[in-house]
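Order of appearance sets the numbers: ligands from 1, and atoms from 1 within every ligand.
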Amino acid sequence: MTDERQTPFVVLGVTGGVAAYKAVEICRLLVDAGCHVAPVLTADAARFVTPLTFTALASEPAQTELYGGPSPIPHTRLGQSADLIVIAPATAHLLARYAQGLADDLLTTTLLATRAPVLVAPAMHTEMWEHPSVGDNLRTLKDRGVLVVEPESGRLAGGDHGAGRLADPSTIVAAALGVLARTGRTPDLSGRRVVISAGGTREPIDPVRFLTNRSSGKQGHALAEAAVARGAEVTLVTTSSVPVLAVGSGSLSIVNVETAAEMHDAMQREAKRADIVVMAAAVADFRPKAPNASKIKKENGLPDLVLEPTEDILAALVTDRPPGQLIVGFAAETDQVMEHAAGKLARKGCDLLVVNDVSVPAVGFDHDTNEVVILGADGSTTTTTLASKRTIADAVFDRVLSYLSSN
Ligand code: CTP
């Protein structure tokens, strides 16, 4: 772990081409990856996409003007704050102005007022892309150390096909995060190993039937997405097939399990090397003692279903935990919520317990939103409002980091 873990500051320059709409996705992916994103639009970019769209998604309001804004010298603030400047899409006109050192608007002045690395992702029609002047300007910029994410071949505006289409937003973001990682500007979970469990376990009755619960795995998967975005090395032990969008400077490996016993084994194995363990899974508390090897037939009458308790995975993790490991439990309650939660935190012995009242509409099981209270073994209570599961995931990791720094 280094002292360099911090929020990287990225200036996202957007210039005037049809592909400017894709810069909205680039902005969102960079924010999701834990960057502070400051959008700067040229006047022509603002003809294609409104600054408001970027303002709604970015870390600070989008800027378009060199003059008349709150700061008298916005270009030096942006240029000096930047850890990286990404220009996507970069038009032929922007490449020419930048290569010539012209400084006639906020974006080009910012480009001259920075020592940060600059990454350009050109996009234009094939004829323009193949024009010698564009090639010359690009060569000049590359010779000065500017990084280029080359355009792809494909469908262009107006239905034409050819070279010049903006590279995929995820390719541009991956290149940007690679530059940030190399310059040592890393997000706040970089270097941390995080193991997360997710989904409801399935306990077989026979080869076609099982006991399970209403958990979708969405909250656990959102936790994995947030941790990858924030730079962690993540292992997700899950029963769920909900997709996980792993964008960020961290990494993700997925271990698929079905039963509480399989999840117990996987968590025991994976948690040994973890700095942070999050038990978001809804583990069955009991399972059929002797699942039938073949399908139970109804003509044989009601089956004699004898149940036995499953392992308490969280309690076992707490007992076996290596020094310094932080463990987060989850609790889904429907009544006397805080009373049950406080008892559960003490009983399980974890450091933080994320509590949701699943009797409230739009909270918990299978919803895309959640609202939680995070109880700390240090007596602290953190409350969120109703928000997306991804936002809740970030609130959990914010609390994890503040807990680690103060306990
Ligand atoms: N948990 C676990 N193993 C179990 C049951 C639960 O690891 N066999 C974990 C869950 O992943 C969660 C926490 O314990 O992080 C609390 O789960 P919950 O189902 O709310 O609590 P239980 O201990 O099962 O108690 P109860 O169902 O009676 O509320």
Side-chain angles (χ1 to χ4, degrees), residues 194-204 210-224 227 235-240 242 255-272 274 276-289 307-321 325-360 363-366 370-377 382 389 392-393 395-397 399-400 403:
V194 178
V195 176
I196 299 165
S197 72
T201 62
R202 295 170 159 194
E203 311 301 332
F210 49 77
L211 295 178
T212 191
N213 56 62
R214 295 169 65 91
S215 169
S216 62
K218 285 181 182 172
Q219 184 63 73
H221 286 205
L223 283 156
T235 302
L236 176 64
V237 177
T238 183
T239 64
S240 167
V242 167
V255 180
N256 291 112
V257 293
E258 281 246 335
T259 63
E262 287 169 10
M263 184 172 278
H264 176 71
D265 291 349
M267 290 303 288
Q268 282 290 317
R269 189 177 64 241
E270 301 296 338
K272 279 197 172 65
I276 300 160
V277 176
V278 185
M279 272 299 299
V283 186
D285 288 323
F286 35 80
R287 66 181 155 227
K289 193 169 181 175
L307 301 175
E308 66 176 5
T310 56
E311 304 71 10
D312 192 320
I313 303 173
L314 177 58
L317 289 169
V318 169
T319 308
D320 299 339
R321 78 161 104 186
Q325 184 180 80
L326 182 137
I327 302 186
V328 183
F330 266 68
E333 306 289 349
T334 57
D335 60 295
Q336 298 167 274
V337 173
M338 294 320 294
E339 209 177 309
H340 282 144
K344 199 166 279 183
L345 176 65
R347 214 168 45 250
K348 301 271 182 175
C350 50
D351 303 289
L352 296 170
L353 190 76
V354 182
V355 187
N356 43 130
D357 180 348
V358 290
S359 66
V360 173
V363 169
F365 295 133
D366 208 27
N370 207 353
E371 182 181 309
V372 303
V373 177
I374 307 173
L375 297 182
T382 311
K389 287 192 168 172
I392 298 295
V396 169
F397 285 116
R399 186 67 194 97
V400 162
Y403 194 91

Check: [X] N/O within less than 3.5 Å of ligand 1 N/O:
X: K344; answer: yes
X: A282; answer: no
X: E311; answer: yes
X: I313; answer: yes
X: A280; answer: no
X: A281; answer: yes

Is R202 salt-bridged to E262, going by a charged N under 4.0 Å from an acidic O? no
Does D312 come within less than 4.0 Å of R347, counting only side-chain N to carboxylate O?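 The answer is no: the pair does not qualify as a salt bridge.
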Quick one: nearest non-hydrogen protein atom to [atom], plus distance?
atom: atom 23 (O) of ligand 1; result: K348 NZ, 2.6 Å
atom: atom 27 (O) of ligand 1; result: D285 OD2, 3.1 Å
atom: atom 7 (O) of ligand 1; result: L314 N, 2.7 Å
atom: atom 17 (O) of ligand 1; result: F330 O, 3.6 Å

pair [X]-[Y]: side-chain heavy atoms closer than 4.5 Å:
X: V195; Y: M267; answer: yes
X: H221; Y: L236; answer: yes
X: R399; Y: L352; answer: yes

Check whether any side-chain N or O of [X] sits under 3.5 Å from a backbone N or O of [Y] as a donor-acceptor pair, and report yes or no.
X: D357; Y: V337; result: no
X: T201; Y: A284; result: yes
X: E333; Y: M338; result: no

So if I count the atoms of ligand 1 from 1 in the order they appear, which ones are less than 4.0 Å from some heavy atom of [X]?
X: A331; answer: 20 (O)
X: G329; answer: 15 (O)
X: D312; answer: 2 (C), 3 (N), 4 (C), 7 (O), 8 (N)
X: T310; answer: 8 (N)

Could you tell me whether atom 15 (O) of ligand 1 has at least one protein heavy atom nearer than 4.0 Å? yes
Check I313, L317, L314 against V277 for a side-chain contact (heavy atoms from CB on, under 4.5 Å) and give me the one that passes. L317
So which of I196, V354, L353 actually passes side-chain contact (heavy atoms from CB on, under 4.5 Å) with V328? V354
Does A260 have a heavy atom less than 4.0 Å from any atom of ligand 1? no
